Amino acid sequence: MDWEKVFATRSSRMKASEIRELLKLLDQPDIISFAGGIPDPALFPAEEFQAAFAETLGGKLCTTALQYSVSEGYAPLRQWIAEQMADLGIPCDIDNILITSGSQQALDYLGKLLLSPGDTALVSWPTYMGALGAFNAYEPRYDRLIANGNRSAAQYRETAAENNSRVKFAYMSVDFANPTGETLDLAGRERLLDLAADLDIPVIEDAAYQSLRYDGDAIPPILALDIKRNGHIDKTRTLYCGSFSKTLAPGLRVGWVCAAKPVISKLVLMKQAADLHSSTVNQIAIHEVAAKGFDKQVAKISAAYSARRDCMLAALEQHMPEGVSWNRPEGGMFVWLTLPEHLDGAELLAKSIETQRVAFVPGRAFFADGSNGNTLRLSFSQAGEATINEGIKRLGLLLKSCC
């Protein structure tokens, strides 16, 4: 059978993740990988999860854990999240929270809920490629989201109208963004809310790395600023997507959306149609571990990742040739490099794997228009400090030969 004839048109927008493909390199022991933006498994609270699963499956919660459940999610976990959100300046109740199978599912649901074919999604340039993958299936066009105020709402509307489109939402990761590691300052967050209000669109706030701050002062989430303006979460336009993947365990696939109740109600219907509910036993285990030691776990991983970030920045200073620049993130897992314009990250990766055995992610995949090939993303989350120094040294030698 010729399957291409029966696939929906949206399937042509689906592309393999370059990061998922690069993760296969981790099976090669001689590769130094700065590619996968994933937590270090050595830092997982493994013993805590073993105890949580044993207690859950060996106690009175066993039947609850193994049975069908409500689509909204495990109530004690939602209550714990609501308390955490309140600490961030986001007062809410459990009916403002939906548990999802990781924040990636949240992005997929929001794309499905908000996008019709041809609608315009405003995204940062570059942006998280997983968001592009989630939104692509719903056939949008993209426009560059500039949070510094250089483009007006009228200009965004005009560009969309020229393409027979309308602007539907703005998406941004505002804390230690994937891939750049950049953080949007308070003024930028306020300007983004102003723009969204002028366009009368939602803001999707991807907060996957929000807990991983190593330097500087915490900045209120956009949803907190939105509540401050409008008085109550149910009057806001911001959709906050959170995750336990970067702090506790990505394999359990537990994330959440916090938003106004009318949006959550729609997302619950989508959840019912898609997978009924996220794994109950995983939600219970996440709740047990988070309730007993979330702050302690965050402190542990922050100390480790902060030291690795500092090591990578020092190695870049020592080994990179002139013409290569990079940012200095205050948290998260990534450093973003900009290369001389004549270099292409994908071509450089092929040479790096062949000659230096160092992996990274070429930057082009993070741009909705496939531009800016002279960029790349380095992750410092998994490698030890000696490995980081050696890998950056090798990469510097390769770049010196190419510049």
Side-chain angles (χ1 to χ4, degrees), residues 90 103-104 106-163 165-180 182-210 219-230 233 235-242 257-260 262-264 266-267 366-369:
I90 303 171
S103 60
Q104 186 67 26
L107 296 177
D108 176 62
Y109 283 1
L110 291 172
K112 183 185 293 186
L113 181 65
L114 299 172
L115 289 170
S116 297
D119 283 344
T120 294
L122 304 184
V123 299
S124 49
W125 228 256
T127 196
Y128 170 49
M129 71 168 67
L132 297 177
F135 301 150
N136 276 344
Y138 307 108
E139 304 175 77
R141 62 175 295 276
Y142 294 104
D143 199 354
R144 181 173 185 173
L145 176 59
I146 302 175
N148 63 12
N150 287 346
R151 287 186 71 186
S152 68
Q155 289 172 311
Y156 281 113
R157 284 197 192 95
E158 181 179 351
T159 301
E162 289 172 355
N163 290 275
S165 179
R166 59 177 180 163
V167 181
K168 291 302 294 292
F169 63 75
Y171 164 83
M172 180 173 277
S173 178
V174 295
D175 291 296
F176 330 119
N178 182 357
T180 62
E182 294 178 349
T183 295
L184 185 64
D185 64 15
L186 179 60
R189 297 177 195 216
E190 295 283 11
R191 285 192 295 267
L192 179 54
L193 275 176
D194 290 341
L195 175 65
D198 287 345
L199 290 169
D200 195 21
I201 58 171
V203 175
I204 300 176
E205 179 177 14
D206 189 339
Y209 301 90
Q210 188 272 330
I219 304 172
I222 293 176
L223 181 52
L225 300 175
D226 203 346
I227 292 173
K228 188 175 180 180
R229 290 184 178 199
N230 293 289
I233 189 172
K235 297 180 180 180
T236 62
R237 64 179 67 249
T238 304
L239 315 171
Y240 181 104
C241 300
V257 180
C258 181
V263 179
I264 296 297
K266 282 289 189 182
L267 293 174
F366 298 99
F367 292 87
D369 63 352

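As the structure is a prediction and not an experimental result, all values here were calculated from the model. The figures here come from the full heavy-atom set of this structure, side chains too, leaving out hydrogens, waters and symmetry mates.
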Identify, with sequence neighbours excluded, every residue that meets side chain to side chain donor-acceptor pair (under 3.5 Å) alongside [X].
X	value
D198	none
E182	none
R141	T120
R144	none

So does [Y] get a backbone contact from the side chain of [X], meaning a donor-acceptor N/O pair under 3.5 Å?
X	Y	answer
D226	T238	yes
R189	L184	yes
S173	D206	yes

Excluding sequence neighbours, so at least two apart, what forms side-chain contact (heavy atoms from CB on, under 4.5 Å) with [X]?
X	result
Q104	L107, Y128, A134, R253
S124	T127, M172
A106	T100, C241, V257
D194	R229

Which pairs pass salt bridge (Lys or Arg N to Asp or Glu O under 4.0 Å) with one or both residues in residues 129-140, sequence neighbours excluded?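 Of all non-adjacent pairs touching residues 129-140, none passes salt bridge (Lys or Arg N to Asp or Glu O under 4.0 Å).
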Applying ring pair (Phe, Tyr, Trp, His ring centres under 6.0 Å), name anything that partners [X], two or more places apart in sequence or on another chain.
X	answer
F176	none
Y156	none
F135	F169, Y171

Could you check L145 against L195 for side-chain contact (heavy atoms from CB on, under 4.5 Å), going step by step and ending with a plain yes or no? CA-CA 10 Å; L145 176 59; L195 175 65; 3.9 Å; yes
